**Student:** 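Pasting a structure here, questions to come.
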Amino acid sequence: MVLSIFKVLWNNLKQGPSTDPFPFGETFTPARLRGKVAVDPEACVGCGVCATVCAGNAIKHVERGDGSGKDFYVWHNTCTFCGLCQHYCPTDAIRLTNNWSTAHRNEDKYKMKEHEFVAYARCPQCDQAMPNMPHAMLDHIYGAPTEELEAIYKLCPECRRQKAAQQFGAQIHD
Amino acid sequence: MSIIDAIKSKAVRSPWLYRINAGSCNGCDVELATTALIPRYDVERLGCKYCGSPKHADIVLITGPVTSMVKEKVLRVYEEIPDPKVTVAVGVCPISGGVFRGSYSVPIMLDDIIPVDVNVPGCPPRPQAILEGVAMALDIWKTRI
Amino acid sequence: MLDMLSHSFHLLIFPGGLFALLLGLLLKGFDRKICARLQRRVGPPILQPFYDIIKLSQKETIIPDTANKAMFKFAPVFGFMGMMVAAMLIPVPGVWNGASGLGDMLMLLYLLPIPAIAFMLAGSASSSPYGAIGTSREMVLMFAYEIPLLVVLLTVALKAGGADGSEFSLAQVVAFQHENGSFGFNLSMLPAFIAFLCFIPGTMGVVPFDLPEAEPELLEGPLLEYSGPLLAMFNLMSALKLVVVMGLGVALFFPGTIPGGAVANLAWFIFKCFMLMLVSVTIVRTATGRLRTDQTFKFYLKYPSVLAYVSLGLTLLFK
């Protein structure tokens, strides 16, 4: 009983060290490890739900003065890797990569951020700026989009209302 | 002369670690213990050793969001560490306040009161990230000794 | 004059001083490396204790305001010098048979507690509560492990004295064993040897009995307030102590020599010291956890003391 520890020690000695070679060599990274946040500006709709749910207040959306879009900031130095943003993002635009390498000098403290520009879409009819509506979002809401939807989803709310009214009027006419 | 310098430069290979818990939730402290105790990470390879006394330390690892109650104590312990020393902030809390930023009891960040050299953000950071931070601190320690 | 020269050579170069320091630090490096391997770690480089000493000697020294400054600086020097003298008395069988007329076991018995006394001085001079607790624990521990050591030395002295009387000179003890076989292989000396093995971790302050330093609870106790060169001196002292205790063990129980001259015997001595350290320090400290103060005291009174007395009785019986 008491001597079983010596068996453990002997086995340890036989098996050799199990140390990762890390700072001098490669290490392993699980595929689903929650690490640094990455943003895909193409897929972002700028809804801001990520900034609302963010536990560490790491995400910030800033409207550009000229109305061309939003600046999307993520400060890694206050991100807790909780994954709430990824969970709530409607279009999977924000996601946690498995990049855990976060150590940096203190001079770079405020450079440890992700900065993306989320451009607004333009209405093809009236050239009005409006939040981007990626196809992924459409799939998310309506499943497989119909032809009718494909026709109007790129329009601004105003033009869409007009278009819908015209269609409705045409139906009454018939 | 050069032999003496060569011997002196070997001091780089013996950085002793000391950790200060500045109001941490213990998550980062567990990860620090991991780097020391779990064979997979084994920080002793780098010549590091966790020591119990600030007087023996060379690299100080600070965790936690420096609450107003603990601030004076952190400063006092920090002053007890003999020069030359390197400071590493572990976890998001000492770096930015993390989830506690804006709280009534977390008025400052760590680098407002102490010269910080290396930051290892994360909540908690991965043990490998801590090792990376310690390796980075070693590069700074090389220039100070 | 010549006597003076040879004594200073033995004190400063071999076997005390330089040789003992290098050997002690090397043994400590091997100790840490093997401990790491037993835990499936890579561990520090073998020369790590040397790097530590080099680093510590370049650091700033901080002396607490409330400390007794003279005593605070004196304690490590006192312990270091005591161990230097003790290392001088250790015979290296086949190379140097000990200072005849100078070194005997009673002298070593007085010199061996000096590191413990230095720790006590350091702990009480540093005016730290941890140091104070460390000091009181060191005292308890010292009383516990000195009893078996005394009885073991007495047994060896009686055994080496032959049919009548006793022999306290280490050189004579080694010479006696060269003629009549090592005590380590003698059945009536076996309990004494086991008692000596139990004594080693206590005096070296390693894990099952590291009460005064107890890193997780006492934060290295008496050493808490020390920094820089003074701490380096304490490290050197414990390296010297390692050599003294291992050398004493080799001299008392396994002073056999091998053919091949002084160099081969020196290597043989180092190998024996290493094996003794492996058995009584490295494996013990890897395999066990710390005992409480009262448990330690009871352990030393129960097992090593009784074993040593058994050996003493057997020796007296078959004299």
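None of these values were measured; they are calculated from a predicted model. In the text below, chain A, chain B and the rest are named by the order of the sequence lines, each starting its count at 1.
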**Student:** Using heavy-atom distances under 4.5 Å, tell me whether Ile38(B) contacts chain A through its side chain, its backbone, both, or neither.
**Tutor:** neither
**Student:** Using 0.5 Å steps for rounding, measure from the CZ atom of Arg101(B) to the CG atom of Asn57(A).
**Tutor:**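 Reported to 0.5 Å precision, the distance equals 5.5 Å.
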**Student:** Would you say that Asn106(A) contacts Asp111(B) through its side chain, given a criterion of any heavy-atom pair below 4.5 Å between the two side chains?
**Tutor:**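 With C-beta onward as the side chain, the pair touches.
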**Student:** Shorter than 4.5 Å, heavy atoms on both sides: which option in Asp108(A), Thr29(A), Thr78(A) has the most such pairs with chain B?
**Tutor:**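 Most heavy-atom pairs under 4.5 Å with chain B: Thr78(A).
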**Student:** Using atom types as modelled and distance alone, determine if a side-chain donor or acceptor of Ser96(B) lies under 3.5 Å from a backbone N or O of Asn77(A).
**Tutor:** yes
**Student:** A quick test of your reading: do over 12 heavy atoms of other residues, nucleotides or ligands sit less than 6.0 Å from NZ of Lys70(A)?
**Tutor:** yes
**Student:** Quick one: closest heavy-atom pair of Ala103(A) and Ala129(B), and the distance?
**Tutor:**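 Looking at all heavy atoms of both residues, the closest pair is CB-O, 4.0 Å.
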**Student:** Is Arg45(B) atom CZ crowded by more than 12 heavy atoms from other residues, nucleotides or ligands, each under 6.0 Å away?
**Tutor:** yes
**Student:** Taking atom CD as the centre, does Glu42(A) end up with more than 12 heavy-atom neighbours from other residues, nucleotides or ligands that are less than 6.0 angstrom away?
**Tutor:**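 Open.
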**Student:** Hey, is the main chain of Ile95(B) close enough, under 3.5 Å, to the side chain of Lys109(A) for a donor-acceptor pair?
**Tutor:**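 Yes.
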**Student:** Does a sphere of radius 6.0 Å around CZ in Arg95(A) hold more than 12 heavy atoms from other residues, nucleotides or ligands, not counting ones at 6.0 Å or beyond?
**Tutor:**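 Atom CZ in Arg95(A) is not crowded, with 12 or fewer foreign heavy atoms closer than 6.0 Å.
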**Student:** Hey, which of Gly133(B), Gly98(B), Ala135(B) has the most heavy atom pairs under 4.5 Å with chain A?
**Tutor:** Gly98(B)
**Student:** For Phe117(A), does the CZ atom have more than 12 heavy-atom neighbours from other residues, nucleotides or ligands under 6.0 Å away?
**Tutor:** yes
**Student:** Test side-chain contact (heavy atoms from CB on, under 4.5 Å) on Arg126(B) and Leu33(A); report intermediate values, then the result.
**Tutor:** CA-CA 10 Å; Arg126(B) 239 193 144 202; Leu33(A) 183 87; 3.9 Å; yes
**Student:** By a 4.5 Å heavy-atom criterion (distance strictly below it), what part of Tyr110(A) contacts chain B: side chain, backbone, both, or neither?
**Tutor:**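 Just the side chain, heavy atoms under 4.5 Å.
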**Student:** Against chain B, label His104(A) side chain, backbone, both or neither, depending on which of its atoms sit under 4.5 Å from a heavy atom there.
**Tutor:** both
**Student:** Which of these, Cys123(B), Pro121(B), Cys93(B), sits in a side-chain contact (heavy atoms from CB on, under 4.5 Å) with Thr80(A)?
**Tutor:** Cys123(B)
**Student:** Any carboxylate oxygen within less than 4.0 angstrom of a Lys/Arg side-chain nitrogen, looking at Arg105(A) and Asp117(B)?
**Tutor:**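 Asp117(B) and Arg105(A): not salt-bridged.
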**Student:** Look at atom CZ of Phe168(A) and say whether more than 12 heavy atoms of other residues, nucleotides or ligands are closer to it than 6.0 Å.
**Tutor:**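 Result for CZ/Phe168(A): open.
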